[in-house]
Amino acid sequence: MTDFTSKKTLVIGGSRGIGAAIVRRFAKDGADVRFTYAGSHDAAQALAAETGATAIKSDAADRQAVTDVVAAQGPLDILVVNAGVGILGDALTLDPDAIDRMFDINIRAPYHAAVEAARQMPEGGRIIVIGSVNGDRMPFAGGAAYAVTKSALQGMARGLARDFGARGITVNIVQPGPTDTDMNPADGPMAEAMTGFMAIKRYATSEEIAGLTAYLAGPEASIITGAMHTIDGGFGA
Ligand code: NDP
């Protein structure tokens with residue numbers, strides 16, 4: 001447990017999966033949590049009722065919506081950008097519009113959200129983006145575009161860490177491996193292949209990813225910045 005009492009926290013993409021676990025963890029640890037969602041209205045409302053967090057409908061594919069929702073929160077102590085989509089398949093036949101939309105959600109939203117948050121963020125603020133071990137390793141065909149999005153976050157974190165470091169603001173990427181969510185169910189068709197790449201042959205839970213995120217947002221992590229934090233059961237080893 002980390003004491004986040006009165007820390008104003010925004011989670012971009014918090015209605016389901018890893019994002020919902022982050023909302024639960026930060027709310028349990030005392031933070032004032034707001035989270036965005038796009039399609040999962042019922043899940044978002046249920047999570048808000050359960051945790052006391054505030055749910056805000058906002059599409060991460062829309063740059064103006066992203067910067068508006070960040071700016072509207074006022075000074076944020078902690079920004080977590082979790083929203084992401086995974087479009088996998090034959091590079092020759094995937095819909096280019098769908099790929100570009102993934103680039104909007106997975107790359108442009110984190111960048112613009114981070115910059116917008118930093119305008120008002122107090123000294124010692126935290127910016128954390130959920131990347132993927134696929135930013136380091138893509139051991140199967142069909143994942144090139146998704147891997148592009150997660151590698152791009154690495155350069156973003158390195159650069160923004162230098163932009164905001166003088167203010168004590170840290171910028172970090174959490175890089176999960178296979179994690180049991182709607183996007184990648186532990187009993188889904190890809191599960192056997194996924195665990196085949198791992199040293200510890202089980203999916204992570206969303207709560208484990210939330211735990212690392214909380215550590216990076218907490219007081220013990222104030223010197224950690226511009227870094228990738230892989231949590232993947234050895235998928236990338
Ligand atoms: P899920 O599909 O289970 O959940 C995705 C979350 O992102 C939902 O809350 C969804 O909200 C939100 N989201 C998606 N698109 C948008 C959008 N346009 N605007 C606002 N919110 C949006 O995914 P996971 O929990 O598995 O993934 C979370 C993050 O972790 C992603 O960045 C993913 O790439 C990364 N990751 C996941 C891994 C895994 O194995 N599960 C492994 C490595 C990384 P809504 O439904 O309301 O639209």
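Just follow the structure's listing: the first ligand is 1, and inside any ligand the first atom is 1.
- Side-chain contact annotation: Q175 with D136, donor-acceptor N/O pair under 3.5 Å present.
- Near A38, the atoms of ligand 1 lying under 4.0 angstrom from a non-hydrogen atom of the residue are 17 (C), 19 (N), 20 (C), 21 (N), 45 (P), 47 (O), 48 (O).
- With sequence neighbours left out, D32 forms a salt bridge (Lys or Arg N to Asp or Glu O under 4.0 Å) with R34.
- Nearest-heavy-atom check against atom 14 (C) of ligand 1 across G135, A43, G84 picks out G84.
- Judged by the shortest distance from any of its heavy atoms, A20 lies outside the 4.0 Å radius around the atoms of ligand 1.
- Listed by number with element, the atoms of ligand 1 under 4.0 Å from a non-hydrogen atom of G39 are 45 (P), 47 (O), 48 (O).
- E50 pairs by the salt bridge (Lys or Arg N to Asp or Glu O under 4.0 Å) definition with R24, not counting sequence neighbours.
- For N106, no nitrogen or oxygen atom sits less than 3.5 Å from a nitrogen or oxygen atom of ligand 1, counting backbone and side chain alike.
- Within ligand 1, counting atoms from 1 as listed, the ones closer than 4.0 Å to a heavy atom of S40 are 45 (P), 46 (O), 47 (O).
- Polar contact check, N184 against ligand 1: a nitrogen or oxygen pair lies under 3.5 Å apart.
- Using modelled atom types, one finds a donor on one side chain and an acceptor on the other under 3.5 Å when comparing T5 with D3.
- No chain of hydrophobic side-chain contacts below 4.5 Å, direct or via other Ile, Leu, Val, Met, Phe, Trp or Tyr residues, connects L216 to M121.
- At least one heavy atom of K150 sits closer than 4.0 Å to an atom of ligand 1.
- Of all the atoms in ligand 1, the ones that sit under 4.0 Å from a non-hydrogen atom of S58 are 19 (N), 20 (C).
- Contact annotation for I105 and ligand 1: only side-chain heavy atoms (C-beta onward) come within less than 4.0 Å of the ligand.
- Close approach to D182 involves these atoms of ligand 1, each under 4.0 Å from a residue heavy atom: 3 (O).
- Using a 4.0 Å cutoff on heavy atoms, S206 does not count as a contact of ligand 1.
- Residue G177 holds the heavy atom nearest to atom 38 (C) of ligand 1 of all those in P178, S132, G177.
- The side chain of Y146, and not its backbone, has at least one atom closer than 4.0 Å to an atom of ligand 1 (non-hydrogen atoms only; side chain from C-beta on).
- Within the structure, ligand 1 lacks A44 among the residues with a heavy atom less than 4.0 angstrom away.
- Of all protein heavy atoms, the one lying nearest to atom 22 (C) of ligand 1 is A83 CB, 3.6 Å.
- Residue-ligand proximity, G13 to ligand 1, at heavy-atom distances under 4.0 Å covers atoms 9 (O), 12 (C), 21 (N).
- Residue contacts with ligand 1, taken as heavy atom pairs separated by less than 4.0 Å, do not involve Q175 at all.
- Between E116 and R108, no side-chain nitrogen of the basic residue sits less than 4.0 Å from a carboxylate oxygen of the acidic one, so the salt-bridge criterion is not met.
- Annotation: side chain of I209 is not in contact with side chain of S206 (no heavy-atom distance under 4.5 Å).
- Contact annotation for N82 and ligand 1: heavy atoms of both the backbone and the side chain come within less than 4.0 Å of the ligand.
- Looking at atom 1 (P) of ligand 1, its nearest protein heavy atom turns out to be R16 NH1, 3.7 Å.
- Heavy-atom distances between A61 and ligand 1 reach below 4.0 Å in at least one pair.
- Under the 4.5 Å side-chain criterion, counting only non-hydrogen atoms from C-beta, I105 is not in contact with M102.
- The nearest protein atom to atom 19 (N) of ligand 1, hydrogens excluded, is given as A60 N, 2.8 Å; this is a heavy-atom distance.
- Polar contact with ligand 1: present for I18 (N/O pair, distance under 3.5 Å).
- In terms of N/O distances under 3.5 Å, ligand 1 is not approached by V85.
- Between D97 and R101 there is no salt bridge, since no side-chain nitrogen of the basic residue lies less than 4.0 Å from a carboxylate oxygen of the acidic one.
- Within the 4.5 Å cutoff, side-chain heavy atoms of S40 are placed close to those of R16.
- Annotation: side chain of V148 is in contact with side chain of F103 (closest heavy-atom distance under 4.5 Å).
- A donor-acceptor pair under 3.5 Å is formed between the side chain of T195 and the backbone N or O of E192.
- Under a 4.0 Å criterion applied to the non-hydrogen atoms of S15, ligand 1 contributes the atoms 8 (C), 9 (O), 10 (C), 11 (O), 45 (P), 46 (O), 47 (O).
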